[in-house]
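A note on names: the letters A, B, ... follow the listed sequences, proteins ahead of strands, and every chain is numbered from 1.
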Amino acid sequence: MRLPRSFYTRGDALSLARRLLGKRLVVPAGAGERVAGRVVEVEAYMGAGDRASHAYGNRRTARTEPMYAEGGRAYVYFVYGLHHQFNVVAGPAGTPEAVLVRAVEPLEGVELMRRRRPGRPDRELTSGPGKLCRALCIDLSHNNEDLAEGGRVWLEDAAPVSPDDIASGPRVGVDYAGADALLPYRLWLRDSPYVSRQK
DNA sequence: CAAGTGATTAGC
DNA sequence: CTAATCACTTGC
């Protein structure tokens with residue numbers, strides 16, 4: 001079952017980031033197959049007031065447009081000439097907040113993931129934002145898709161995560177954001193071996 | 001540890 | 001139009 005719209009619109013990006021940990025990210029892979037992973041690492045991007053956000057100062061361009069939609073849509077973009085990044089849009093329409101999914105633990109379709117990432121140990125199949133998009137085949141065609149209804153990627157509920165198991169720290173790769181780069185908006189499951197390397 | 005890759009953007 | 005900038009990964 002897909003998580004409902006209200007799951008995404010209920011709170012801000014940080015609240016959604018916390019609730020996203022442990023949930024199951026699913027992408028259909030044709031012929032009734034699925035590729036799926038458990039979310040183990042995320043980053044919150046808090047919108048217009050967040051210097052690290054693409055939508056800082058309400059910057060509104062063709063790329064950032066999906067962030068302004070009602071929560072529950074996908075915001076996918078391309079960085080560094082070769083990697084895709086998958087984000088979940090949070091909050092009501094008009095607030096450009098989103099949560100970047102940084103790492104998942106492979107659960108379904110692991111064979112497919114191995115084939116898409118040849119020569120990688122299972123630990124490194126999905127342990128980074130670019131890696132997971134590669135393993136799950138998420139690309140620009142998924143941009144702006146509706147996770148709550150009809151989209152070709154979605155999230156499913158899973159066993160709740162205890163707050164004690166969640167660790168936090170500064171976000172990765174946002175040094176340009178000044179003081180905002182220090183905010184503890186990166187969250188991960190403390191004991192998961194599938195989180196990305198940088199701490 | 002540095003190169004690479006190309007979409008996106010701001011600045012003319 | 002052009003140049004600069006990346007929410008990163010990989011192979012040296």
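Looking at which nucleotide of DNA chain C each of A:Gly130 and A:Gly81 is closest to, the 5′-most match is held by A:Gly81.
When the P atom of C:dC6 is taken as reference, atom CZ of A:Arg51 falls 12 Å away, rounded to whole Å. The distance between atom NE2 of A:His84 and atom C1' of B:dT5, rounded to the nearest whole Å, is 12 Å. A:Phe78 has its CZ atom 14 Å from the P atom of C:dC8, to the nearest Å. When rounded to the nearest whole Å, the span between CD of A:Glu65 and P of B:dA7 equals 20 Å. Rounded to whole Å, the distance from CZ on A:Arg120 to P on C:dT9 is 11 Å. The distance between atom NE2 of A:His83 and atom P of C:dT5, rounded to the nearest whole Å, is 19 Å. Here the P atom of nucleotide B:dT8 and the CZ atom of A:Arg59 are 13 Å apart, to the nearest Å. Counting to the nearest Å, the C1' atom of B:dA7 and the OH atom of A:Tyr80 are 13 Å from each other.
Not a single donor-acceptor contact under 3.5 angstrom links the side-chain atoms of A:Tyr77 to the base of B:dA7.
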| message | For A:Val174 and A:Tyr45: C-alpha separation, side-chain torsions, deciding distance, then whether side chain to side chain contact (heavy atoms under 4.5 Å, CB included) applies. | response | CA-CA 11 Å; A:Val174 295; A:Tyr45 287 85; 3.8 Å; yes
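Close to C:dC8, at under 4.0 Å from its OP1 or OP2, lies no side-chain N or O of A:Arg134.
For the pair A:Tyr75 (side chain) and A:Tyr68 (backbone), a donor-acceptor distance under 3.5 Å is absent.
Each of C:dA7, B:dG4, C:dT10 was ranked by its minimum atom distance to the side chain of A:Leu82; first place goes to B:dG4.
Looking at A:Ser196 and A:Glu41, their side chains do bring a donor and an acceptor atom within 3.5 Å of each other.
Linking ILVMFWY side-chain heavy atoms closer than 4.5 Å, directly or via other members, places A:Leu147 and A:Ile138 in a single hydrophobic cluster.
Base orientation of B:dA7: anti, the glycosidic angle falling outside 90° of 0.
Paired with A:Asp157 under the rule salt bridge (charged side-chain N to carboxylate O under 4.0 Å, His left out), one option of A:Lys23, A:Arg24, A:Arg19, A:Arg38 passes, and it is A:Lys23.
B:dT5: no Watson-Crick or G-U partner with both key distances under 3.5 Å is found in any strand.
Note on A:Arg63: only backbone sugar-phosphate atoms sit closer than 4.0 angstrom, heavy atoms only; bases stay farther off. Residue-level contact check: A:Met67 touches the bases, meaning some heavy atom is under 4.0 Å from a base atom.
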